[in-house]
Amino acid sequence: MCGALRASDAGKKAVLMGWVNRRRDLGSIIFIDLRDRTGVTQVVVNRELNPSAHDKAEQLRNEYVIAVIGTVKQRDRDTVNKNIPTGEVELIIEELRLLNESKSPPFLPGEAILPNEEMRLKYRYIDLRRDAMQFNIELRHKVSKAIRDDLSAQGFFEIETPFMTRSTPEGARDYLVPSRVQPGSFYALPQSPQMFKQILMISGFDRYFQIVRCFRDEDFRADRQAEFTQIDLEMTYPQTDTVWGVVEGFLTAAFKAAAGQEIKAPFPRMSYDEAIKRYGNDKPDMRLPAMVDVRAALMPEELDELAGKFRMRKEFPLQLIRIPKAGEISGTERRTIGTYGAFQHVQGPSFVQLMTDPKRFAKDYPAPSEKVQAFAKIEPDDLWLLAGAANHPEKAAVMDQRVQHFCEKCGFLRLDLAQKYASRHKAFEKTGDPAKDFRFLWVSDFPMFEWDNAEKRWNPAHHPFTTLHEEDMAKLEANIDSVHDPKSPLGEIRALAYDVVLNGTELGSGSIRIHRQDIQKKIFQALGMSDDEARARFGFFLEALEYGTPPHGGIALGLDRIVMILAGAESLREVIPFPKTARAVDLMVDAPTPVSEAQLKELGIAIRKAQE
RNA sequence: GGGGACGUAGUUCAGUUGGUUAGAACGCUGCCCUGUCACGGCAGAGGUCGCGAGUUCGAGUCUCGUCGUCCCCGCCA
């Protein structure tokens with residue numbers, strides 16, 4: 001192959017096939033950079049040595065497909081190209097065959113400057129010829145294979161589950177597939193194989209996994225596509241630790257096999273509560289320092305004074321946000337803190353009170369300033385600020401001032417600042433040390449229920465088959481009929497649910513499931529679902545639970561995201577061969593499209609024109 | 001659903017305060033060139049300035065709308 005030849009191959013005869021990456025025509029001598037999946041080799045065509053091949057080579061253009069037969073020659077020392085792995089050799093042509101011509105492509109795979117994404121997606125077959133894309137897709141293959149091998153070795157069976165299945169009202173919007181045989185009825189594409197994998201546990205398959213496509217009809221982001229691939233697994237008789245061990249096992253294997261990175265397991269662990277309090281986020285990016293509630297560093301009178309002066313609520317945390325090595329910033333810059341990025345969007349107008357001028361703070365409040373800096377271990381070059389909850393009565397009236405929301409807002413600010421000063425702190429740049437480059441984390445003890453403000457009710461935070469901490473069972477029973485009460489202690493119940501997080505990205509999410517029907521019933525009751533309703537939605541599943549269901553649990557990880565992080569890519573589209581745009585369009589095949597009347601009629605579907 | 005950025009040659013971009021014939025680089029076409037590797041040299045072709053209105057004597061430039069791509073908020077059990 002084009003990337004394989006080395007100095008040790010000198011003298012051998014070789015046949016190479018590939019694309020013309022570049023042609024350098026010097027008149028009587030023509031150099032062709034021949035490219036395939038593995039790399040590029042220089043082919044030499046000399047008019048004196050081979051006039052007929054030279055005639056053909058003159059006609060070659062970029063992206064023509066050719067076959068060349070020739071002899072591998074070690075290059076003279078002064079003509080070695082150190083920039084490419086095959087740079088010590090070249091192929092002296094004996095025979096050239098044109099296998100196919102190419103129209104002049106809209107952009108060249110060998111070009112350093114990227115065209116815009118619209119172009120890349122429309123001509124994806126050309127974009128995919130680029131080194132970087134070839135590398136990413138190969139990386140993806142290696143990750144998948146390593147995970148398959150490792151899970152197989154851990155005793156898991158790969159088992160397929162249906163794509164055309166049943167719509168369930170929970171969670172994301174479903175993609176629907178109309179049934180021709182039963183007009184008016186629809187299949188749904190799975191948001192995940194959740195119920196099937198639990199059924200497989202009930203069926204005795206003990207350890208299941210699947211690298212499987214999932215579909216969610218929600219808006220796209222850089223790290224979200226409507227169809228994406230999960231590493232889905234489920235096992236019987238697990239403790240939380242058992243599942244975590246399995247995941248740490250296959251991730252270690254994948255990072256080693258695919259990228260040569262030795263990551264350290266077990267991963268650190270943190271409760272959801274701690275993640276929110278210290279990072280303002282349920283998927284903390286551990287490459288940056290946590291926020292510090294500095295109230296503990298201050299005397300009560302000092303806190304009173306500050307709270308009064310800055311009009312802050314002292315029963316809320318006083319969060320110190322630190323960006324290491326961000327250095328001095330100007331007053332103008334300081335005043336814009338809090339006006340950019342995600343921070344200003346969340347929860348409408350700010351109820352966060354900011355103290356962004358450390359010098360002035362030190363001047364006005366020398367003792368608290370010193371204590372706070374010592375407490376948060378501020379280094380001379382750090383950028384830091386204090387954030388407290390505003391005590392404006394007029395703002396408090398419109399604001400949901402729960403501590404969690406306050407902390408989340410501070411967390412957004414922390415990430416905004418980190419992003420803005422990324423070039424200074426360099427915490428997001430790869431160092432080559434896997435312990436620094438890949439900061440894994442388990443976040444556990446998620447809340448069981450979350451309040452849905454639009455529907456004015458409690459919903460499952462994970463899914464309704466997640467089990468809860470045994471200690472919280474009494475709380476569930478005591479509040480089992482409070483689904484519409486926003487103040488219900490239902491919000492305090494902790495689930496045996498966990499996320500695995502890498503560098504601030506949620507890689508996967510899982511839980512220990514409910515295996516007993518009496519508990520499952522209680523959950524449905526707490527969710528305000530009657531027996532009839534539950535049966536209508538999950539009847540087959542509830543019935544299955546009654547036939548000797550073993551305790552079980554599992555997790556699902558986003559393969560695309562893992563590969564994205566390993567590839568150092570900014571977007572999922574860089575690691576998915578044929579992704580869709582933010583408006584869920586495939587620009588290459590031009591999907592979706594309207595379909596014919598005949599097709600619709602067969603399905604019993606009529607399209608209603610949109611209202612003006 | 002909301003906010004923001006962008007849209008000019010095949011591609012990446014520049015285009016001054018609204019003013020003559022809209023430029024560059026790469027790519028493309030032709031010619032020259034025996035050691036290039038982002039080859040070089042000469043010549044040339046290539047534009048509905050996303051689309052539609054409006055303001056103006058005059059619009060790539062200003063205004064409104066619309067379409068498309070990207071990023072973020074909401075949403076994503």
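- Atom CG of Asp25(A) is separated from atom P of C32(B) by 10 Å (rounded to the nearest Å).
- G7(B) and C67(B) make up a base pair, with Watson-Crick or G-U wobble contacts both under 3.5 Å.
- For an aromatic pair to be called close, the ring centres must be under 6.0 Å apart, and Tyr208(A) with Phe196(A) fails this.
- Base-pair partner of C49(B): not found among the strands shown (Watson-Crick or G-U wobble, both distances under 3.5 Å).
- Nucleotide A24(B): paired with U12(B) (Watson-Crick or G-U wobble, both distances less than 3.5 Å).
- Of the listed residues (Asp223(A), Thr229(A), Ile565(A)), just one forms a side-chain contact (heavy atoms from CB on, under 4.5 Å) with Asp560(A), and that residue is Thr229(A).
- Listed pair Arg573(A) / C71(B) meets the phosphate criterion, a side-chain N or O lying under 4.0 Å from OP1 or OP2.
- At a threshold of 4.0 angstrom between heavy atoms, the contacts of Arg23(A) with the nucleic acid are absent.
- Using a 4.0 Å heavy-atom cutoff across all strands shown, Ala461(A) reaches sugar-phosphate atoms only and no base atom.
- Rounded to whole Å, atom P of U69(B) lies 16 Å from atom CZ of Arg221(A).
- Rounded to an integer number of Å, the gap from CG of Leu114(A) to C1' of U12(B) is 10 Å.
- No more than 12 heavy atoms of other residues, nucleotides or ligands lie within 6.0 Å of OH in Tyr187(A), so this atom counts as exposed by the packing criterion.
- In this structure, the NZ atom of Lys122(A) is 14 Å from the P atom of G68(B), given to the nearest Å.
- Shown here, U36(B) forms no base pair; nothing in the strands shown gives a Watson-Crick or G-U wobble contact with both key distances under 3.5 Å.
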Which protein N or O atoms sit under 3.5 Å from an N or O of nucleotides 35-38 of chain B?
unit_1	atom_1	unit_2	atom_2	d
G35(B)	N1	Glu90(A)	OE2	3.0
G35(B)	N2	Glu90(A)	OE1	2.5
G35(B)	N2	Glu90(A)	OE2	3.0
U36(B)	O2	Arg24(A)	NE	2.7
U36(B)	O2	Arg24(A)	NH2	3.3
U36(B)	O2	Gln42(A)	OE1	3.3
U36(B)	N3	Gln42(A)	OE1	2.8
U36(B)	N3	Gln42(A)	NE2	2.9
U36(B)	O4	Gln42(A)	NE2	2.7
U36(B)	O4	Arg75(A)	NH1	3.4
C37(B)	O4'	Arg24(A)	NE	3.0
C37(B)	O2	Gln42(A)	OE1	3.3
C37(B)	O2	Asn81(A)	ND2	3.1
C37(B)	N3	Arg75(A)	NH1	2.7
C37(B)	N4	Arg75(A)	NH1	3.4
C37(B)	N4	Thr79(A)	O	2.4

